[in-house]
Structure formats: C-alpha cells, structure tokens
Amino acid sequence: MPELPEVETIKRDLASVLVNQRINYFKVNKPKLLRNKLIFFNHYLLGAKILSVKRRAKLLLIELSSGYYLIIHLKMTGQLVWRGRAGGVKSGGHPIVGVSKVPNKYTYITLGLLNGSKLFYNDVRQFGYWQLVNQQEIELWLSKYGPEPLSSSFTLSRFIKILKKRSRSKIKSVLLDQKVVAGLGNIYVDESLFLARIKPDRQVAELKLQQLRNLHRSIKQVLRRAIMARGTSFSNYVDALGKNGSYWQNRYVYGRTDEPCRRCGRAINKTIIAGRGTHYCAQCQF
DNA sequence: CGGAGTGTTAGTCG
DNA sequence: CCGACTAACACTCC
C-alpha cells in the first residue's frame, strides 16, 4: 500500500521509539522476504544500535551503528507494528481487516530491542522486502529515484525538465514512475490530477505551462494534507492507539467511482491507465 | 464457484 | 524510449 504519506507517518512514529535502541533479537519465518542471507542479517543487526529512521520515496531507511542501512519496502500489503514492553502499539502500512493483534499469521519478521519492545513485520501478499545496504551502496540506491516532492529539490523547473523527457506518455503513467517524482502511487496521483484539473490520460506534451504549475503545486498540497491526516487507510481498521490514516475521508476521486464529484456533483469515472484503476471527474478535469 | 480487482515494482516483449 | 502485459501472492467482492 503505502505511498509517501503513509511511509512518512510510519517513519515518524518509529523514529520516536526506535532511535538509540539496541537490537538483540531477529527472527524470520519467511526467508524470501530477506534480500540478503540470514547470516548476514544476524551479523549486522544483532548488537547494533539504531541511529536514525529515515524515508526516501516509499522506502524506510533504518540507520545502524554497524555501518549498514536496513531498507524496508512495504510494497502492497507490508505492515510494521511496534509494541512496547508495556503493550503500547504503533502500526503502519496496509490494514489487515480483523487482524490488529501482533504477532499474527501474517507476521513474518520480528525484530527485538534491548528495552523489551518489538517491531513486527506483517505482509499478507509477501511482496515487500528487507535489505541491508552499506554506506556506499545506499547512495547509488537512492540516486535512482526522482526528487522528493516535499523537499526544496522539487522545483517547478526541475519537474518540467524531467517531464519533457516523457512528453509522449500519459501524465498518469509518468507520475507513477518513481524516477520522475519519488513516492507517488495510485491514490495520490489520481488525487493530484484532480486537484490540478488535468485528465489522467493527457499526454505530457499537451499540457500547458499553467497546468504544469498547478500539478506541481497540487502534488505537494495533496501529500502535505495526507501526511497531516496520517495517510490513507482502506476499510475501517484502527490500530491499538486508534491512530490510523484519515485521508480516506478527504479524498476527491480515488475509490469514489459513481459517487458525486465534490466540486461539481457529476459522477466520478473509472478507467484503466497504465494498468491501474484510474478515477477522475470528466467535467472538472481537462 | 469463478473471475476480476487490490495501495508496488521488476522484468519481458513487441 | 514506451506501453502492454505478466509475475510475485492472498484475499475480497460481485
């Protein structure tokens, strides 16, 4: 699931409880989720202290005193749930309906800390991964991604420059490409295009400067609002602290097929672009 | 029951 | 370069 706002929310929560803690336990029930050998994980995780928790695109980066970064990608259904020794819970990722307890049948990785707290990784579809990357490799890794849309590196001129290279493609396909803008996914692309009043199947070359300006601004606006709402959760899942994402209530088009457009009242359309379900208002978007 | 669809992304093929 | 399609997997919805 998680797109930038969800991973950002998880990052903030985890940073508040993991930083300066030392890892003393690591258990894996589904080795294929690990991109390095188990021995390697044990060597660089056990005994290491967590120095920082960061985010780049949809990746979670956990900096370790062993000189390695633990990279976690949640893909479609990955979920991280932290539980303190006293029982407090923070979770993030795709909600699993009816499963709010940890560990559960989808818990495939468990990380234990010296203070008695634990971090559980659940993943129904098992697409996510954990990988250890050293200082040199991390640079190369992260350089493959486009600008962070909420950082000062995401300027209008840089955005336009990147888009020009893809002028014959549909704007939605381009925005889903992590090399163009890091961290957007299906929900926030649809939402950004609605806000910018651009039809998702428009070719980039057809877009006027004013539309690109609107899009650039809309992307930032949508993501900022979603982070404030702690992201978007499908279904009515609530974690143990009752703090799951509420952006679902604020959305304009995603998952609102046939419901009235919040701007003009016309029914929201759904089509397929780039193989993904795509929602838009045929009246408000051009 | 069967088939389509689901928040991601890497890979193949034309 | 680009898009269409598939695969990884489990589950829900119609």
Side-chain angles (χ1 to χ4, degrees), chain A residues 1-10 29-35 55-60 71-80 91-99 104-109 121-131 141-142 144-146 162-193 200-205 222-223 226-227 229-237 244-258 270-279:
Chain A
M1 146 217 193
E3 303 179 32
L4 187 151
E6 291 77 29
V7 180
E8 178 65 22
T9 301
I10 294 167
N29 298 329
K30 190 70 74 171
K32 71 163 190 172
L33 299 181
L34 302 184
R35 290 206 171 175
R55 178 194 60 75
R56 171 86 167 99
K58 298 169 192 170
L59 297 170
L60 212 53
I71 296 183
I72 300 177
H73 199 312
L74 305 170
K75 290 286 187 88
M76 293 283 271
T77 55
Q79 184 180 50
L80 284 166
S91 76
H94 184 66
I96 301 169
V97 176
V99 182
N104 57 56
K105 63 186 284 206
Y106 305 111
T107 303
Y108 296 127
I109 303 176
Y121 180 75
N122 311 325
D123 195 344
V124 171
R125 292 175 72 179
Q126 306 166 32
F127 292 169
Y129 61 82
W130 286 38
Q131 178 165 10
W141 245 87
L142 300 183
K144 289 183 284 191
Y145 290 91
I162 299 169
L163 288 182
K164 277 204 172 133
K165 288 187 241 170
R166 306 286 297 273
S167 52
R168 296 206 314 277
S169 306
K170 292 174 179 171
I171 185 62
K172 165 140 183 177
S173 312
V174 174
L175 293 180
L176 285 172
D177 187 339
Q178 301 299 295
K179 296 192 288 296
V180 173
V181 182
L184 289 179
N186 210 28
I187 295 179
Y188 299 112
V189 166
D190 282 6
E191 294 295 308
S192 300
L193 288 169
D201 65 348
R202 277 279 176 262
Q203 291 207 332
V204 172
V222 163
L223 294 176
I227 290 172
R230 299 181 57 81
T232 300
S233 315
F234 280 10
S235 85
N236 49 9
Y237 171 89
N244 251 335
S246 60
Y247 191 79
W248 187 248
Q249 279 79 259
N250 303 341
R251 77 205 194 280
Y252 287 95
V253 287
Y254 186 89
R256 296 193 67 246
T257 314
D258 296 333
K270 182 174 181 187
T271 181
I272 305 233
I273 294 175
R276 316 296 302 280
T278 298
H279 316 73

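We name chains A, B, ... by the order of the sequence lines, and we start the count at 1 in each one.
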If I take atom CZ in residue A:Arg125 and atom C1' in nucleotide C:dA7, what distance separates them, rounded to the nearest angstrom? 11 Å

Between C:dC5 and B:dA4, how far apart are the C1' atoms? Round to whole Å, please. 16 Å

Once you measure the plane-to-plane angle for A:His73 and A:Tyr129, does it fall in the parallel (<30°), tilted (30-60°) or perpendicular (>60°) bin? tilted

Could you check how far NZ of A:Lys270 sits from P of C:dC14, rounded to whole Å? 11 Å

Provide, to the nearest angstrom, the distance between the NZ atom belonging to A:Lys172 and the P atom belonging to C:dC2. 18 Å

Donor-acceptor contact present, side-chain A:Arg256 to main-chain A:Tyr252, <3.5 Å: yes

Is any side-chain N or O of A:Gln178 closer than 4.0 Å to OP1 or OP2 of B:dT8? no

Both distances under 3.5 Å, Watson-Crick or G-U wobble: report the partner of B:dT6, or none. C:dA10

Taking NZ from A:Lys144 and C1' from B:dA10, how many angstroms apart are they, rounded to a whole number? 11 Å

Using whole Å, report how far OH of A:Tyr129 lies from P of B:dG11. 11 Å

Spacing between A:Lys164 atom NZ and C:dC1 atom P, to the nearest angstrom: 18 Å

Polar side-chain atom of A:Gln79 near backbone of A:Asn122 as donor-acceptor pair, under 3.5 Å: no

Using atom CE of A:Met76 as one end and atom C1' of C:dA10 as the other, report the distance to the nearest whole Å. 11 Å

From CD of A:Gln126 over to P of C:dA7, roughly how many Å is that when rounded to an integer? 17 Å

Which nucleotide wins on minimum distance to the side chain of A:Lys58, given the candidates B:dT8, C:dG3, C:dA10? B:dT8

Please determine if a side-chain N or O atom of A:Arg276 lies less than 4.0 Å away from the OP1 or OP2 oxygen of B:dT8. yes

Proximity of A:Tyr247 and A:Tyr188 rings by center, below 6.0 Å: yes

Please check the phosphate of C:dC11 (OP1 and OP2 only) for any side-chain N or O of A:Lys105 closer than 4.0 Å. yes

Selected nucleotide, minimal atom distance to A:Phe127 side chain, candidates B:dT9, B:dT8, C:dG3: B:dT8

A:Arg166 has a side chain; which of C:dC11, B:dT9, C:dC2 sits nearest to it? C:dC2

Roughly how far apart, to the nearest Å, are B:dC1 and C:dA8 at atom C1'? 25 Å

Is the phosphate of B:dA10 approached by A:Lys75 (side-chain N or O, under 4.0 Å from OP1 or OP2)? no

Hey, is the main chain of A:Arg125 close enough, under 3.5 Å, to the side chain of A:Thr77 for a donor-acceptor pair? yes

Quick check on B:dT8: is either OP1 or OP2 less than 4.0 Å from any side-chain nitrogen or oxygen of A:His73? no

A:Thr77 vs B:dT6: side-chain N/O to OP1/OP2 distance below 4.0 Å: no

